[in-house]
Amino acid sequence: MVKAVWARREHQKQLYLVDESCQFIPTVKRYLDYLAALEKSPHTLENSCRHLHYYFTFLEQAHLDWQQVTPDDLVRFVQWLRNPFHQVNTFSLHRTRPLSERSVNTIVTAVSSFYRYQIPRGETLTNPILSAQISNRFSGFKPFLIHTSRGRTTRQVVKLKEPHYSGT
């Protein structure tokens with residue numbers, strides 16, 4: 001069972017993930033230490049760990065290795081997040097609120113950042129985070145409203161549509 005625990009790090013406490021034998025999960029620890037070295041806020045570090053806790057709990061329940069996850073597994077992870085009981089193949093008889101679309105997208109973004117960190121460090125894995133090409137900077141074709149992309153040339157494919165709330 002994956003757990004999030006507080007540990008001391010350079011005169012501060014920081015949240016880390018540990019496995020069933022209370023050992024740090026090395027890849028997550030390295031990633032969180034990397035974020036801390038970049039002087040990310042304590043709030044960002046804590047949220048990143050909590051988001052990865054969701055992911056590694058799902059991987060454990062689904063009997064998946066984080067290095068072998070496919071895009072289809074990531075879709076199953078999104079479905080798992082929307083299930084308020086966070087159990088693989090379990091559904092409720094009672095109504096409970098699932099995570100919002102925005103919360104799910106934030107968690108998937110944290111998982112995406114975790115994989116983007118791992119790839120240049122030589123980890124042998126398939127990146128389950130699919131990105132769609134918005135434009136090719138060498139192409140003469142520019143999609144309508146490309147100016148709203150803020151310089152990004154890709155966008156995340158596995159993403160829930162978030163409801164728009166009116167200000168009234």
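Note that the structure is predicted; figures quoted are calculated from it, not measured. We count residues from 1, following the sequence as given.
Rounded to the nearest 0.5 Å, atoms CH2 (W80) and CG (D73) are 13.5 Å apart. In this structure, the separation between CZ on R76 and CG on L64 is 5.5 Å, given to the nearest 0.5 Å. For the atom pair OH (Y31) and CD1 (I25), the distance works out to 14.5 Å, reported to the nearest 0.5 Å.
Across all non-hydrogen atoms, the minimal contact from R30 to Y117 is O-OH, 3.6 Å. Considering all non-hydrogen atoms of both residues, L32 and L45 come closest at O-CD2, 3.8 Å. Here the shortest heavy-atom pairing between T27 and Q118 reads O-NE2, 3.5 Å.
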Item to check | Audit row: V2, H53, side chain to side chain contact (heavy atoms under 4.5 Å, CB included) steps and yes/no | outcome: CA-CA 7 Å; V2 177; H53 181 256; 3.8 Å; yes

Next on the checklist: Run the side chain to side chain contact (heavy atoms under 4.5 Å, CB included) test on L99 and I107 for me, step by step, so that the C-alpha distance in whole Å, both residues' side-chain angles and the decisive distance to 0.1 Å come before the verdict.
Outcome noted: CA-CA 10 Å; L99 290 174; I107 293 167; 3.9 Å; yes

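With hydrophobic clusters built from ILVMFWY side chains whose heavy atoms lie under 4.5 angstrom apart, Y34 shares a cluster with Y55. Taken together through direct or relayed side-chain contacts under 4.5 Å among Ile, Leu, Val, Met, Phe, Trp and Tyr, Y54 and L15 form parts of separate hydrophobic clusters. Follow the hydrophobic side-chain contacts under 4.5 Å out from W6 and you never reach L17; the two are in separate clusters. Put simply, F77 and M1 are part of two different groups of oily side chains (I, L, V, M, F, W, Y) that touch within less than 4.5 Å, one to the next.
Classification of the F56-W66 ring pair by plane angle, with boundaries at 30° and 60°, yields tilted.
For the salt bridge (Lys or Arg N to Asp or Glu O under 4.0 Å) condition, the pairs that include at least one residue of residues 32-58, sequence neighbours left out, are R9-D33, K29-D33, E46-R50.
With sequence neighbours excluded, no residue satisfies salt bridge (charged side-chain N to carboxylate O under 4.0 Å, His left out) with D19. F24 meets the ring pair (Phe, Tyr, Trp, His ring centres under 6.0 Å) test with Y16; sequence neighbours excluded.
For R82 and E101, the salt-bridge test passes: some basic side-chain N is under 4.0 Å from an acidic carboxylate O.
At a cut-off of 3.5 Å, with distance as the only test, a side-chain donor of S112 or R116 sits close to an acceptor on the other residue. T44 and N47 are not linked by any side-chain donor-acceptor pair at a separation below 3.5 angstrom, with hydrogens and angles left out of the test.
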